[in-house]
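Below is one structure, written out as structure tokens; the observations come after it.
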Amino acid sequence: QKATIFANLDSETQDKIVAILAYKKLVKNEILLQEHAVDKNFYIIAAGSFVVYKSQEKMPEAQVGFLKAGDVAGEMSFLDELPRSASVKALEDNCIVLAIPFDSLRKLIPPNFYYTLIKNMTVRVRQANDAIVHSLRNELLHKTKLANMGRLLAYVLLLLSFYGLALGIFAALVNNPRSEEHTSEL
């Protein structure tokens, strides 16, 4: 009922989809979809919230989105038939998803469903873009602060070097008996 992506389908098609749904309950931190894995199910989030994230070796997870009741997961693999492009993890206990096998769904949906699905995906791509830009801005700000601190440290070290050099020259002049001769000539 909450999955707006199916709202434009006639009631007969909706009933057929409901008949093939498989119920799945997840607990906090349980993985629904694993990046790069092959899974032939389309998921409707019925309850709870999920994080969508990308992983890279030796790097922290990069969050690219969030899902809530009424959202869907697995639509990219449904369209392009490639492995999962991101991971999806439950953020709380008692999350519920409804799974629909790709092949069964393809047999039931009319062609205009793909248009609705693509519109839904463009919203999520825009949200992911915003999240990435926000993350990059924060990272740039942090690196700019570090670079400024590095420049300040370099200036301080340079000033200390000049100060040390000046003290060395002053000490050499004070301790050099010939410097008095030159000073008196001036």
Side-chain angles (χ1 to χ4, degrees), residues 1-140:
Q1 295 283 341
K2 291 181 184 177
T4 57
I5 198 159
F6 296 109
N8 293 334
L9 298 178
D10 61 66
S11 60
E12 182 183 338
T13 303
Q14 288 180 7
D15 290 345
K16 288 178 182 177
I17 290 172
V18 168
I20 60 171
L21 293 174
Y23 173 95
K24 182 175 182 177
K25 188 173 182 180
L26 294 96
V27 295
K28 185 175 183 173
N29 294 322
E30 188 173 349
I31 304 295
L32 173 65
L33 298 176
Q34 183 67 49
E35 186 175 4
H36 306 298
V38 175
D39 176 354
K40 300 292 185 181
N41 286 309
F42 186 94
Y43 295 95
I44 301 167
I45 310 301
S49 57
F50 293 79
V51 62
V52 182
Y53 64 93
K54 301 276 292 170
S55 298
Q56 287 186 338
E57 194 173 310
K58 299 180 183 177
M59 297 288 288
E61 295 173 354
Q63 295 180 359
V64 295
F66 294 93
L67 301 174
K68 61 186 180 332
D71 290 336
V72 295
E75 70 278 17
M76 286 180 65
S77 291
F78 174 75
L79 290 172
D80 63 18
E81 298 180 355
L82 294 174
R84 300 301 185 180
S85 62
S87 296
V88 176
K89 177 173 54 176
L91 290 175
E92 56 193 272
D93 288 330
N94 300 316
C95 289
I96 299 170
V97 297
L98 305 170
I100 308 168
F102 286 167
D103 291 338
S104 300
L105 184 59
R106 283 189 185 99
K107 291 175 187 172
L108 294 174
I109 57 172
N112 66 342
F113 175 79
Y114 290 96
Y115 174 74
T116 305
L117 185 59
I118 290 169
K119 277 180 55 177
N120 185 21
M121 287 176 57
T122 58
V123 169
R124 297 245 300 263
V125 168
R126 288 175 190 272
Q127 291 169 344
N129 286 344
D130 290 345
I132 291 166
V133 167
H134 179 74
S135 176
L136 289 174
R137 281 186 182 146
N138 286 342
E139 186 177 335
L140 180 61

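Sequence positions, counted from 1, serve as the residue numbers for this chain.
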Self-check item: T122 side, atom OG1; L117 side, atom CG - distance, nearest 0.5 Å
Solution: 10.0 Å
Exercise. Quick one: closest heavy-atom pair of L79 and M121, and the distance?
Key: CD1-SD, 3.3 Å
Practice problem: Quick one: closest heavy-atom pair of A90 and C95, and the distance? | Solution: CB-SG, 3.9 Å
Quiz item: Is there a donor-acceptor pair closer than 3.5 Å between any side-chain N or O of D93 and the backbone N or O of K28?
Solution: yes
Exercise. Mark yes when over 12 heavy atoms from residues, nucleotides or ligands other than Y114 sit less than 6.0 Å from its OH; otherwise mark no.
Key: yes
Practice problem: Determine, stepwise, if the pair N94 / K25 fulfils side chain to side chain contact (heavy atoms under 4.5 Å, CB included). | Solution: CA-CA 6 Å; N94 300 316; K25 188 173 182 180; 3.0 Å; yes
Practice problem: Taking the side chain as every heavy atom from C-beta outward, state whether N29 and K89 have any atom pair closer than 4.5 Å. | Solution: yes
Practice problem: Rounded to the nearest 0.5 Å, what's the gap from CG on L136 to CG on L140? Could you check? | Solution: 8.5 Å
Quiz prompt | Side-chain donor or acceptor of S87 paired with backbone N/O of E35 under 3.5 Å | solution = yes
Practice problem: List the atom of L32, the atom of A73, and the distance in Å for their closest heavy-atom pair. | Solution: CD2-CB, 4.4 Å
Exercise. Just grab all the ring-ring contact (aromatic ring centres under 6.0 Å, His included) pairs involving residues 93-113, residues at least two apart or on different chains.
Key: F6-F113, F78-F102
Quiz item: At what distance, to the nearest 0.5 angstrom, does CG of L67 lie from CD1 of I44?
Solution: 12.5 Å
Quiz item: Can H134 and D130 be counted as having a side-chain donor-acceptor contact under 3.5 angstrom?
Solution: no
Practice problem: Quickly, which of V51, L26, V52, I31 forms a side-chain contact (heavy atoms from CB on, under 4.5 Å) with V88? Name it, please. | Solution: V52
Quiz item: Looking only at heavy atoms, what is the nearest atom pair of S77 and L82, with distance?
Solution: OG-O, 2.8 Å
Practice problem: Quick one: do E81 and R106 satisfy salt bridge (Lys or Arg N to Asp or Glu O under 4.0 Å)? Show the steps, please. | Solution: CA-CA 12 Å; E81 298 180 355; R106 283 189 185 99; 3.5 Å; yes
Exercise. Output the distance between atom OG1 (T116) and atom CG (L9), rounded to the nearest 0.5 Å.
Key: 7.5 Å
Practice problem: Search all heavy atoms of F66 against all heavy atoms of D71 and return the closest pair with its distance. | Solution: O-OD2, 4.2 Å
Quiz item: Which is it for I20 and K16 under the side chain to side chain contact (heavy atoms under 4.5 Å, CB included) test, yes or no, and what are the steps along the way?
Solution: CA-CA 7 Å; I20 60 171; K16 288 178 182 177; over 6 Å; no
Practice problem: Enter the distance from Q14:CD to I109:CD1 here, rounded to the nearest 0.5 Å. | Solution: 13.0 Å
Quiz item: So with a 6.0 Å cut-off around NZ of K54, is the heavy-atom count from everything else above 12?
Solution: yes
Quiz item: Say you draw a straight line from OH of Y43 to CD of E75; how long is it, rounded to the nearest 0.5 Å?
Solution: 12.5 Å
Quiz item: Of all heavy-atom pairs between R124 and V72, which one has the smallest distance, and what is that distance?
Solution: NH1-O, 2.8 Å
Quiz item: Does the pair D39 and R84 meet the rule for a salt bridge (Lys or Arg N to Asp or Glu O under 4.0 Å), with working shown?
Solution: CA-CA 7 Å; D39 176 354; R84 300 301 185 180; 3.5 Å; yes
